[in-house]
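All ligand and atom numbering here is 1-based and tracks the order in the structure. All values below come from the heavy atoms of this structure, side chains included, with hydrogens, waters and symmetry mates left out.
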Amino acid sequence: MSEQSKVSRRDVLKLGSAGALGLAGSYFINNLAPFSSSVKAESNNKNHSNMDHSQMVGDITKTSGYKMAEQLLTTFDYGKASKLPNGQTLREYEVVAIDKEIEIAKGIKFPGWTYNGTIPGPTFRCTEGDLLRFHFENQGSHPHSIHFHGIHPTEMDGLEPIAPGQKFTYEFVAKPYGLQVYHCHVLPLARHIHKGLYGNFIIDPKTPREPALELNMVMNGYDLDLDGENDFYTVNGYAFAFMNHPIKVKKDQLVRIYLSNLTEFDLINSFHLHANYFTYYPTGRNDNPSQFTDTVMQCQGERGILEMRFPYKGKYMFHAHVSEFAELGWMGFIEAE
Ligand SMILES: [Cu+2]
């Protein structure tokens, strides 16, 4: 992206062209610190690197946005399960598209289009071979659909818009195992997705994975002024959610992250872990070549599973390795205890 575009998106925040956005935006800009909080204080006004991260956003735990991001981290929607006569598991999910204002950073609201009231939407989960029924109802103001990644009949592919007030049931057998994503597929696509209609969809292998602390993370962005560029970047919808309130794990415990990128308007997003390495399984496939690394990038719609253990007690930072994304909300800590 050009230098000009960077200036323009930051100018929006600095100049405060719109009420709360302006105030909160300039608060963020004026208090942004580079990643290392150990950088020594300098008297130069222009250098804010002496800011402690804990001062950056204040207490956010009471905010609806933080609660949403934290809930999405460890909540998996298995639907309503029952057994069919042939022994197959049937899972039925209720999905409602609803317009809802979402708090995406402290004091900043985004006029979202959501599945079940959160951005990202719920993390649907099942096992390979299950019969799935997604009972979709569009209570929103625009036509929407659910397009699932995976292998299924084309009439269940979510290309058909479901008008406001209408219902549709998507039915297919869950395959293949791995990490899938889902999103609205109504045109203009970028706008329908960007408004918040996306989420993770986990199909577990029939032989369960090794027990682990499992975390769901969807990388996204928010374009508040509709200029086709994101003004905030987050995991699970809320900027800086895990900065002051690190994700707690146990030292040496196996941690598994289901990571996807549903960021619009930027070609790639990335995940970088400090002071540690992880094993990466593209699309959550154990049979894929995996990497042992500390940074992975994903294009839009790409996803994968990260597995790691934390060998030392302490706070491990994680963030987009696109620095601008990190400074605009996409960074946090995992704390090993
Ligand atoms: Cu839509």
The number of protein N, O or S atoms lying under 2.8 Å from the Cu ion (ligand 1) is 3
In plain terms, say whether D204 and R125 are close enough for a salt bridge, that is, a side-chain N and a carboxylate O under 4.0 Å apart.
-> yes
Does any donor atom in the side chain of D223 or H194 lie under 3.5 Å from an acceptor atom in the other side chain?
no
- Query: Parallel under 30°, tilted from 30 to 60°, perpendicular over 60°: which one fits the rings of F168 and Y170?
  - Reply: perpendicular
* Asked: Do Y233 and M219 come close enough that some side-chain heavy atom pair is under 4.5 Å?
  -> no
Between M331 and F240, the two heavy atoms sitting closest are CE-CE2, 3.7 Å
Worksheet item: When the ring planes of F148 and F134 are compared, do they come out parallel, tilted or perpendicular, using 30° and 60° as the limits?
Response: tilted
